[in-house]
Amino acid sequence: MQKTFWKRRSVLILTAIFCCALWGSAVPFIKTGYQLFSISASDTPSILLFAGLRFTCSGILVLLIGSLIQKRLLLPTRTAVRSIPVLAFFQTAGQYFFYYIGLAHTSGVNGSIISGTSAFFALLIASLLFHYERLDLRKVIGCLLGFFGILIMNIQDLQSISGLGDGFVLISQICSALSAAFIKKFTKTDDAVMLSGYQFFLGGIVLVLIGSCMGGHLALTNIAGIGVLLHLAFVSACAYTLWGILLSNHPVSQVGIFSCLIPVMGVLLSAFMLQETQQAFSFSSLISLLLIVWGVGLVNAREEN
């Protein structure tokens, strides 16, 4: 039987790399947004408000574009009404609540290293809790190679571990891995685009309310800042929707391992946008890229019958 378009291995690889490139571009754009909106690193309420507005806009974009493409209004089904809050809690509200607060109390280097553990959690949760696939030595080695690639990229700048900051970033990666497993489950009965749109919108609203109640403030009078916010909304809308489609058509481990490429993409794009070429093209960065690509190849290698 001929494979559908999304089940093709080439489509998986190219789409996952494209998603990682989009997520990687978020790092320099977020930094630019903080500058344009005058948000300091310690202003956690405003950071959460900024994140909430981003994901609320993402949800609206997903639903509008999805409705246009499918030529019908994307409305939640009866089963989706129960699924959307779960995804909104783990994938958007929970993940980014812990992530942004954690980053406010730890270094960007530590945060990047801990973020690389999402591939581990995705594989373990999919295999041990949801029993979607078999955990074998090849997949474990592939994830380890990807993680060590991220570690080598940052080992020279590794700072001391802080409880609140690093712990919260770690919790955010567990939320991310759980959301990947739930997406795999929920897209068996409901449309991935519809689920992404509504969970983004709901999770974004939750973050906006939390940020506002904590005293966050965002002056939406800067045209350039609004442009950055819209770009970040597009990044989330496009990448997470495509990621959800991939998860509905492939094993979680084969999709999740590509998340190891996000720090690499972030470094390369930061080199171009922030003129950080010396760090991006250092020997350790090139070795990291080699290890990560090797790990991705191992996890996605065809299994022998």
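- Between D190 atom CG and R82 atom CZ the span is 9.0 Å, to the nearest 0.5 Å.
- With contacts defined as side-chain heavy-atom distances shorter than 4.5 Å, the pair V255/K184 does not qualify.
- Ring geometry, F234 versus H231: the interplanar angle falls from 30° to 60°, so the pair is classed tilted.
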Donor-acceptor list for residues 10-25 side chains, cut-off 3.5 Å, not counting sequence neighbours:
{"from": "T15", "atom 1": "OG1", "to": "V11", "atom 2": "O", "distance (Å)": "2.7"}
{"from": "S25", "atom 1": "OG", "to": "L22", "atom 2": "O", "distance (Å)": "2.6"}

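- Across all non-hydrogen atoms, the minimal contact from H250 to W6 is NE2-O, 2.7 Å.
- Closest heavy-atom contact between W243 and F258: CH2-CB, 3.9 Å.
- Side-chain contact check for S176 versus F121: every heavy-atom pair is 4.5 Å or farther apart.
- Taking CG from D43 and CG from L48, the interatomic distance works out to 9.5 Å, rounded to the nearest 0.5 Å.
- Within the 4.5 Å cutoff, the side chain of Y34 has heavy atoms near those of the I47 side chain.
- S248 places a side-chain N or O within 3.5 Å of a backbone atom of I245 that can act as its donor or acceptor partner.
- Looking at every heavy atom in both residues, N249 comes nearest to K7 through O-NZ, 3.5 Å.
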Next item on the list: Evaluate the side-chain contact (heavy atoms from CB on, under 4.5 Å) criterion for residues V62 and Y240: first the C-alpha distance (whole Å), next the side-chain angles of each, then the deciding distance (0.1 Å), finally the verdict.
Entry: CA-CA 10 Å; V62 170; Y240 272 109; over 6 Å; no

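- No side-chain donor-acceptor contact under 3.5 Å links T56 to the backbone of L53.
- I226 and V228 sit in two unconnected hydrophobic clusters of ILVMFWY residues. Membership requires side-chain heavy atoms under 4.5 Å apart, directly or through other members.
- Distance check, rounded to the nearest 0.5 Å: CD1 of I174 to OG of S179 gives 12.0 Å.
- Hydrophobic clustering of Ile, Leu, Val, Met, Phe, Trp and Tyr side chains at less than 4.5 Å, counting indirect connections, unites I84 with L75.
- Heavy-atom neighbours of R72 CZ from other residues, nucleotides or ligands within 6.0 Å: above the threshold of 12.
- For C175 against G94, the heavy-atom pair with the smallest separation is SG-C, 4.2 Å.
- Using a 4.5 Å heavy-atom cutoff, the side chains of V235 and F29 are not in contact.
- L232 places a side-chain heavy atom less than 4.5 Å from the side chain of F50.
- Residues forming a ring pair (Phe, Tyr, Trp, His ring centres under 6.0 Å) with F97 (at least two apart in sequence, or on another chain): none.
- Remark: the backbone N or O of R54 is paired with a side-chain donor or acceptor of S58 at under 3.5 angstrom.
- Both L49 and L220 are members of a single hydrophobic cluster when ILVMFWY side chains are connected at heavy-atom separations under 4.5 Å.
- Looking at heavy atoms from C-beta onward, T187 lies in side-chain contact with L195 at the 4.5 angstrom threshold.
- If you take OG on S83 and NZ on K188, they are separated by 12.5 Å, rounding to the nearest 0.5 Å.
- Heavy-atom minimum distance, M194 versus D191: N-OD2, 2.9 Å.
- The aromatic rings of F55 and F200 lie parallel to each other, with less than 30° between the two planes, well short of the 60° mark.
- Distance check: I183 CD1 to L178 CG gives 11.0 Å after rounding to the nearest 0.5 Å.
- Between the CD1 atom in I60 and the CG atom in L64 there is a gap of 7.0 Å [rounded to 0.5 Å].
- The cluster map of Ile, Leu, Val, Met, Phe, Trp and Tyr, joined by side-chain heavy atoms under 4.5 Å apart, puts V86 and L129 in the same cluster.
- The environment of F89 atom CZ is sparse: at most 12 non-hydrogen atoms of other residues, nucleotides or ligands sit within 6.0 angstrom.
- In plain terms, the two heavy atoms of G215 and P45 that are nearest each other are C-CB, 4.0 Å.
- No side-chain heavy atom of F201 sits under 4.5 Å from any side-chain heavy atom of L61.
- At distances below 3.5 Å, at least one donor-acceptor pair connects side-chain atoms of S46 with backbone N or O atoms of H217.
- With hydrophobic clusters built from ILVMFWY side chains whose heavy atoms lie under 4.5 angstrom apart, I223 does not share a cluster with L218.
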